[in-house]
Engineer: 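One structure, pasted below without further comment.
This one's a predicted model, so the numbers in the text were calculated from it and none came from an experiment. Just so it is clear: chains get the letters A, B, ... in the order the sequence lines come, proteins before strands, and each one is counted from 1.
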2 protein chains.
Amino acid sequence: MKTRDRILDISLTLFNQEGEAALSAVDIANALDMSPGNLYYHFKGKEPIIEALFGRFEDEMAIILNGTHGAVESIEDNWVFVYIVLEEIYDFRFFYRNVGELVGQYPALAKRFRKVLAMKRRAIDSVLSVLEQRNMMSIDKRLRAALIDQLVSTLTFWLSFDVVEGTDRSGPRLIHDTVLRFMLQIVPYMGADGQAVLERMLERHRQMVSA
Amino acid sequence: MKTRDRILDISLTLFNQEGEAALSAVDIANALDMSPGNLYYHFKGKEPIIEALFGRFEDEMAIILNGTHGAVESIEDNWVFVYIVLEEIYDFRFFYRNVGELVGQYPALAKRFRKVLAMKRRAIDSVLSVLEQRNMMSIDKRLRAALIDQLVSTLTFWLSFDVVEGTDRSGPRLIHDTVLRFMLQIVPYMGADGQAVLERMLERHRQMVSA
DNA sequence: GTCTATAACGGGATAGAC
DNA sequence: GTCTATCCCGTTATAGAC
């Protein structure tokens, strides 16, 4: 199974670099100094490769999202948690640079993508609940549902947003900026502590970015 | 110039129905009972057609965004304003169903898309300013910038979000839901009035949806 | 301005030798 | 498992008739 993994590794790299649409199965074969026929022996085209890559992503995302967040309490914990999620997404960024496209083109992928979305939603819900229990935030029930939607949307479209805006930020910088953007959405529901939390977040962001 | 317009009309319809990627120049010609060669006489391929369609969109968007919003004061005015913007986007929805893709594929479009983005940003900024002047909302300067980002992001990715979520809502329903989602993001900054405004918005949304 | 016909290209996919 | 050779197909693009 070594060739199979080599194919997946190089495909992920190329897809992230050039975008999924820019590459044909033949391009991938060329990058591996491999004949198209040989590639087709392992994967019957681009689609199964993408499916296999999504499998990898799914697995790692499940570990992150279903694992740790019982331990997420402080703002700093939350920061790290969101950072890890975004980093994982960044490793498979070609899925996110044009979600709509992929979901439209590969219906099988759409289903699985929605499952990941649901996992994100549950994780956020659970983290918010912890914050509420500790009286670190309080929010109207209706607004809470909308907030979760917004946060899921942020986790899903931050890379597209960056593409559209055309700001040419490095990966780590983009991730830090997005963590901040994510966290700031929670601040207004932190009541009197909000102001202090905001300052801490901005300070933390400054540190991270200048590092 | 009549054939030219017929081409643009049918292209817009088809792109919205099937997606930009799903259609070739030949498909468009077929839909018009026209030979591919004839189509190429008017537009040298798909790209110039898309550029021309974006020109239409740009023009109408500029009228909406730069025009009315001096008159936007009450919550109801805002609701209508956002509704009109979303409706216009919906008319050219193929641009928005996978923004990342189009922007990546047609660099010329990217620039123009960013201009529209900037127009949206200015319009939102200006509306928020009005609300602030009337003491209908108050918001920390740093959070304000983030809020505007979030609102622009909502206006840009609501259609992609719908595609990804796979909820099969009708156009008008989707637009109403999105207006609500947009407006709810402002509520937390309305202070004591927030609760009442929230109820009014939800009530309005119920009316709109059941109509 | 509109049409038909056709050339040129590239990707997807497979057969069969090694 | 890997390779070469090849076929099929849809898209792009142009030449030239009407």
Side-chain angles (χ1 to χ4, degrees), chain A residues 1-56 94-95 97-98 101-110, chain B residues 1-56 94-95 97-98 100-109:
Chain A
M1 288 284 159
K2 218 171 118 249
T3 307
R4 195 186 148 87
D5 283 332
R6 280 205 315 139
I7 293 173
L8 291 181
D9 287 345
I10 200 93
S11 295
L12 178 57
T13 304
L14 290 176
F15 283 148
N16 280 341
Q17 264 170 26
E18 327 263 348
E20 179 270 339
L23 288 165
S24 70
V26 177
D27 292 328
I28 296 170
N30 287 341
L32 287 159
D33 284 313
M34 178 187 284
S35 69
N38 190 10
L39 182 72
Y40 265 79
Y41 171 78
H42 294 280
F43 293 97
K44 299 213 166 302
K46 230 168 65 173
E47 175 156 2
I49 293 180
I50 292 173
E51 299 268 353
L53 284 175
F54 197 81
R56 285 188 178 182
F94 80 96
F95 285 124
R97 287 189 160 257
N98 41 15
E101 162 86 3
L102 286 179
V103 163
Q105 203 167 352
Y106 308 107
L109 215 66
Chain B
M1 291 280 160
K2 217 170 119 253
T3 306
R4 196 187 146 85
D5 283 333
R6 281 205 315 138
I7 293 173
L8 290 180
D9 287 344
I10 200 94
S11 296
L12 179 56
T13 305
L14 291 177
F15 283 149
N16 280 341
Q17 265 170 22
E18 328 262 348
E20 179 268 339
L23 287 165
S24 69
V26 177
D27 292 329
I28 295 170
N30 287 341
L32 287 159
D33 285 312
M34 178 186 284
S35 69
N38 189 11
L39 182 72
Y40 265 80
Y41 171 79
H42 295 281
F43 294 96
K44 300 214 164 300
K46 232 167 65 171
E47 176 156 1
I49 293 179
I50 292 173
E51 298 269 354
L53 283 176
F54 198 81
R56 285 189 180 182
F94 80 96
F95 284 125
R97 288 189 156 258
N98 40 17
E101 162 87 3
L102 287 178
V103 163
Q105 204 168 352
Y106 308 108
L109 216 65

Engineer: Is any side-chain heavy atom of Arg4(A) closer than 4.5 Å to one of Phe43(A)?
Structural biologist: yes

Engineer: Would you kindly give the OH-to-C1' distance between Tyr40(A) and dC8(D), to the nearest whole Å?
Structural biologist: 13 Å

Engineer: Look only at the side chain of Asp27(A) and the backbone of Ser24(A), and say whether a donor-acceptor pair between them is shorter than 3.5 Å.
Structural biologist: yes

Engineer: Does any part of the side chain of Leu14(A), heavy atoms only, come nearer than 4.5 Å to the side chain of Phe94(A), both counted from C-beta?
Structural biologist: no

Engineer: Under a 3.5 Å distance rule, please check whether Lys46(B) uses its side chain to pair with a backbone N or O of Glu20(B) as donor and acceptor.
Structural biologist: yes

Engineer: Tell me the interatomic distance from Lys44(A), atom NZ, to dG11(C), atom C1', rounded to whole angstroms.
Structural biologist: 17 Å

Engineer: Report the residue (His42(A) or Pro36(B)) whose heavy-atom-nearest nucleotide on DNA chain D is the more 5′ of the two.
Structural biologist: His42(A)

Engineer: Just how far, in rounded Å, is C1' of dA13(C) from NZ of Lys46(A)?
Structural biologist: 15 Å

Engineer: Ignoring the backbone of Tyr41(B), work out which of dT2(C), dT2(D), dT11(D) is nearest its side chain.
Structural biologist: dT2(C)

Engineer: Which nucleotide in the set dT4(D), dG11(C), dT2(D) lies at the smallest distance from any side-chain heavy atom of Ser24(A)?
Structural biologist: dG11(C)

Engineer: Look at the side chain of Thr3(B) and decide which nucleotide, out of dT12(D), dC3(D), dT2(C), has an atom nearest to it.
Structural biologist: dT2(C)

Engineer: Just N and O in the side chain of Ser35(B): are any of them under 4.0 Å from OP1 or OP2 of dT2(C)?
Structural biologist: no

